[in-house]
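Counting starts at 1 for both ligands and their atoms, following the listed order.
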Amino acid sequence: MANTYQDEIRARFGFDLDLGGDVPENAWLKQVLMRRTQRRYNDQPISDSLVRLLLAAAFSASSKSDYQQGSVIWLKDRARRDRLAALFPDMPWIGAAPVFLVFLGDARRLARLGELRGLEPGYGALERFFNATVDAALALQTCVLAAETVGLGTCPISVLRNRIGEVADILELPDTVFPVAGLCLGYPAQQGLISMRLPPEASVHVDRYDDSQLGEAVDGYDRRRDARHSLKDRQRDPARFGTAEFYGWSEDKARQAMNAEGSGFATWLKAHGFTLGEPDDASR
Ligand SMILES: Cc1cc2nc3c(=O)[nH]c(=O)nc-3n(C[C@H](O)[C@H](O)[C@H](O)COP(=O)(O)O)c2cc1C
């Protein structure tokens with residue numbers, strides 16, 4: 001029983017992980033361990049009723065304080081989708097996926113409840129923004145897992161926030177409603193690759209935070225990933241960073257993180273109803 005998940009764990013982490021005892025065998029858990037993002041879809045349509053089922057599952061996700069601050073836009077109108085997709089020509093799956101959803105953090109609805117009940121609504125505090133983001137992210141990932149359970153492939157799309165002004169115009173977003181990520185849905189056109197994850201030594205802490213072994217853990221991870229799927233011929237911006245003799249995941253992510261991605265987002269949020277301050281700010 002202890003080795004029931006050996007193949008899946010090896011696929012995900014690149015080594016055998018001792019789970020430390022017997023665990024129940026579960027087909028869905030195996031599927032979660034083997035999950036992968038899919039960016040290419042075949043022509044098989046997805047019925048509206050299946051989308052509605054997936055959205056029902058999505059909004060079954062847990063929700064901070066039961067505030068239910070996630071919303072979704074199901075982008076069905078082709079012209080509107082084309083306008084959105086045209087903003088991101090290097091991600092053609094945004095326009096090509098049979099179904100495209102946008103998961104929204106929605107701090108507006110809670111404030112509107114206050115108005116409906118005759119209470120002074122608090123709007124823009126960081127807490128509201130954060131809770132709405134978490135709710136939307138949980139709904140998004142629940143939708144991903146539900147979709148994968150019925151054989152669909154998915155790809156979240158946070159690049160939407162890089163053109164936040166135009167995206168908000170296309171989706172007609174009111175103040176305090178913002179995209180957390182889009183989501184492509186479609187039946188996969190290929191098997192796809194499993195993206196290896198960091199080992200538990202890097203991401204699982206027991207009793208207290210301790211990253212003293214991070215360097216070793218990441219070095220080993222870089223090598224395992226490289227053995228399966230090398231990035232050496234896809235080095236990011238060598239003109240700026242040089243050409244690395246060994247180019248692993250950590251070098252790639254460190255370089256990627258040097259870009260000021262999302263730099264206009266905070267400014268946009270502040271222009272659209274969020275103060276991003278302490279909760280007291282919202283009651284003014
Ligand atoms: C919040 C979020 C936003 C993402 N945004 C994009 C995106 O804009 N474009 C894209 O192609 N993939 C996007 N992805 C997919 C990630 O690149 C992918 O999850 C990651 O490489 C790990 O691969 P895996 O999901 O196959 O394990 C996003 C994933 C998440 C969770």
Which ligand 1 atoms does [X] reach within 4.0 Å, using its non-hydrogen atoms?
{"X": "Arg36", "value": "26 (O)"}
{"X": "Arg35", "value": "24 (P), 25 (O), 27 (O)"}
{"X": "Cys155", "value": "10 (C), 11 (O), 12 (N)"}
{"X": "Val159", "value": "8 (O)"}

Carboxylate-amine/guanidinium contact Asp175 Arg108, below 4.0 Å: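 The answer is no: the pair does not qualify as a salt bridge.
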Carboxylate-amine/guanidinium proximity below 4.0 Å for Arg52 and Asp48: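 Looking at Arg52 and Asp48, the cut-off is not met.
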Using the ring of each side chain (for Trp, its six-membered ring), is [X] parallel, tilted or perpendicular to [Y], with breaks at 30° and 60°?
{"X": "Trp268", "Y": "Phe265", "answer": "parallel"}
{"X": "Phe274", "Y": "Phe129", "answer": "perpendicular"}
{"X": "Trp249", "Y": "Tyr221", "answer": "perpendicular"}

How far is [atom] from its nearest protein heavy atom, and which residue and atom name does that atom have?
{"atom": "atom 23 (O) of ligand 1", "value": "Ser195 CB, 3.6 Å"}
{"atom": "atom 9 (N) of ligand 1", "value": "Met91 SD, 3.2 Å"}
{"atom": "atom 7 (C) of ligand 1", "value": "Pro156 O, 3.4 Å"}
{"atom": "atom 5 (N) of ligand 1", "value": "Ser158 N, 2.9 Å"}

Min heavy-atom dist Trp93 to ligand 1 below 4.0 Å: yes
Gln141 near ligand 1 by a heavy-atom separation under 4.0 Å: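 No, Gln141 has no heavy atom closer than 4.0 Å to ligand 1.
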Closest to atom 12 (N) of ligand 1 among Gln38, Arg39, Arg12 (heavy-atom distance):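 Going through Gln38, Arg39, Arg12 one by one, Arg39 has the nearest heavy atom to atom 12 (N) of ligand 1.
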Best match, Leu160, Leu183, Thr154, Thr37: closest heavy atom to atom 26 (O) of ligand 1: Thr37
Check: Tyr41 ring centre within less than 6.0 Å of Tyr187 ring centre: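 No: the rings miss the under 6.0 Å criterion.
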Closer than 4.0 Å: a protein non-hydrogen atom to atom 20 (C) of ligand 1: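 Neighbour list for atom 20 (C) of ligand 1 is empty of protein heavy atoms (cut-off 4.0 Å).
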Per-residue contact class, Ala137 against ligand 1 - non-hydrogen pairs under 4.0 Å: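 For Ala137, no heavy atom sits under 4.0 Å from ligand 1.
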side-chain hydrogen bond (donor to acceptor under 3.5 Å, both in side chains) between Glu127 and Asn131, worked out: CA-CA 6 Å; Glu127 180 72 8; Asn131 290 339; 3.2 Å; yes
CA sep, side-chain torsions, deciding dist, call: Tyr67, Asp135, side-chain hydrogen bond (donor to acceptor under 3.5 Å, both in side chains): CA-CA 9 Å; Tyr67 280 147; Asp135 273 12; over 6 Å; no
Shortest non-hydrogen contact between Val167 and Leu160, atoms and distance: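 Answer, listing the atom of Val167 first, then Leu160: CG2-O, 3.5 Å.
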